[in-house]
Amino acid sequence: MKVITLCGSTRFRHQFEDWNEKLTLQGNVVISLQGFNRNLTDAQKQLLGEIHLRKIDMADEIFVIDVDGYVGDSTRQEIEYATQAGKAIRYLSET
């Protein structure tokens, strides 16, 4: 079993839910994100960002939800973090 952390913009909530289910049914342990609520304070956003990096630490790979190729700044930072940690990276746009 692989552990996969989903990364991407919170604007793609439905795609996160769909891919969480698909990857789980393929026999993977999937770690998603929290924070689809748009009414977060800056401190809460920062906390969730740090927690998400720990989720990447726990994963064998990340799966980037890049709908129509969209990758925002925070997702780019997560990809860079995963790359530096030697994690495998897959993209929705390549499936």
Side-chain angles (χ1 to χ4, degrees):
M1 256 183 249
K2 274 194 281 186
V3 177
I4 301 173
T5 295
L6 302 179
C7 296
S9 173
T10 57
R11 70 178 72 177
F12 303 128
R13 179 181 194 152
H14 297 294
Q15 288 86 352
F16 269 87
E17 292 168 352
D18 290 346
W19 279 95
N20 188 341
E21 181 177 353
K22 287 176 189 177
L23 293 169
T24 299
L25 290 174
Q26 291 173 8
N28 301 291
V29 175
V30 179
I31 304 170
S32 193
L33 54 82
Q34 180 57 38
F36 292 107
N37 178 345
R38 301 247 184 238
N39 299 318
L40 299 172
T41 67
D42 288 341
Q44 289 170 322
K45 290 176 187 176
Q46 183 176 355
L47 173 63
L48 291 178
E50 287 298 316
I51 290 170
H52 201 69
L53 295 180
R54 299 299 74 78
K55 292 176 180 182
I56 292 171
D57 289 338
M58 295 167 45
D60 299 308
E61 71 177 49
I62 67 169
F63 186 87
V64 181
I65 307 291
D66 61 333
V67 176
D68 297 325
Y70 177 79
V71 175
D73 291 337
S74 61
T75 303
R76 248 189 297 287
Q77 291 171 353
E78 292 166 356
I79 293 167
E80 184 177 313
Y81 183 86
T83 299
Q84 291 175 356
K87 306 293 180 176
I89 301 170
R90 288 193 297 154
Y91 294 84
L92 170 65
S93 62
E94 296 175 357
T95 59

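These figures come from a predicted structure and were not determined experimentally. The chain is numbered in sequence order, starting from 1.
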### Message
Return the CG to OG distance between Leu48 and Ser74, rounded to the nearest 0.5 Å.
### Response
11.0 Å
### Query
Do Val67 and Phe16 sit in the same hydrophobic cluster, where Ile, Leu, Val, Met, Phe, Trp and Tyr count as joined when their side-chain heavy atoms come under 4.5 Å apart?
yes
#### Entry: Test log, rule salt bridge (charged side-chain N to carboxylate O under 4.0 Å, His left out), inputs Glu50 and Arg54
CA-CA 7 Å; Glu50 287 298 316; Arg54 299 299 74 78; 3.6 Å; yes
### Message
Strictly distance-based, threshold 3.5 Å: is any side-chain N or O of Thr75 a donor or acceptor partner for the main-chain N or O of Val71?
### Response
no
### Query
Tell me, do Asn28 and Phe63 make a side-chain contact under 4.5 Å, heavy atoms counted?
no
### Task
Would you kindly confirm whether Leu25 and Trp19 end up in one hydrophobic cluster when ILVMFWY residues are joined by side chain heavy atoms under 4.5 Å apart?
no
### Query
Side chains of Asp66 and Phe12: does their closest heavy-atom pair fall under 4.5 Å?
no
### Task
Using a cut-off of 6.0 Å, state whether more than 12 heavy atoms not belonging to Gln44 lie near its atom CD.
yes
### Short side-chain to backbone donor-acceptor contact, Thr5 and Lys55, under 3.5 Å
yes
### Query
To the nearest 0.5 Å, how far apart are CD in Gln15 and NZ in Lys22?
9.5 Å
### Query
Between Ile65 and Tyr70, is there a shared hydrophobic cluster once you connect ILVMFWY residues whose side-chain heavy atoms come closer than 4.5 Å?
yes
### Query
Do Glu80 and Gln84 come within less than 4.5 Å of each other through their side chains, counting heavy atoms only?
yes
### Query
Would Tyr81 end up clustered with Ile51 when hydrophobic side chains under 4.5 Å apart are linked, directly or stepwise?
no
### Query
Are the side chains of Glu78 and Ile56 in touch, meaning some heavy atoms are under 4.5 Å apart?
yes
### Message
Tell me the closest heavy-atom pair linking Gly8 and Leu33, and the distance in Å.
### Response
O-CD2, 3.7 Å
### Query
Around Glu17, counting heavy atoms of other residues, nucleotides and ligands shown, do more than 12 lie under 6.0 Å from its CD?
yes
### Query
In Å, rounded to the nearest 0.5 Å, how long is the span from CD of Gln26 to CD1 of Ile4?
7.5 Å
### Message
Under 4.5 Å between side-chain heavy atoms, counting indirect links through other Ile/Leu/Val/Met/Phe/Trp/Tyr residues: same cluster for Met1 and Ile31 or not?
### Response
yes
### Query
Quick one: are Ile79 and Ile62 in side-chain contact, heavy atoms under 4.5 Å?
yes
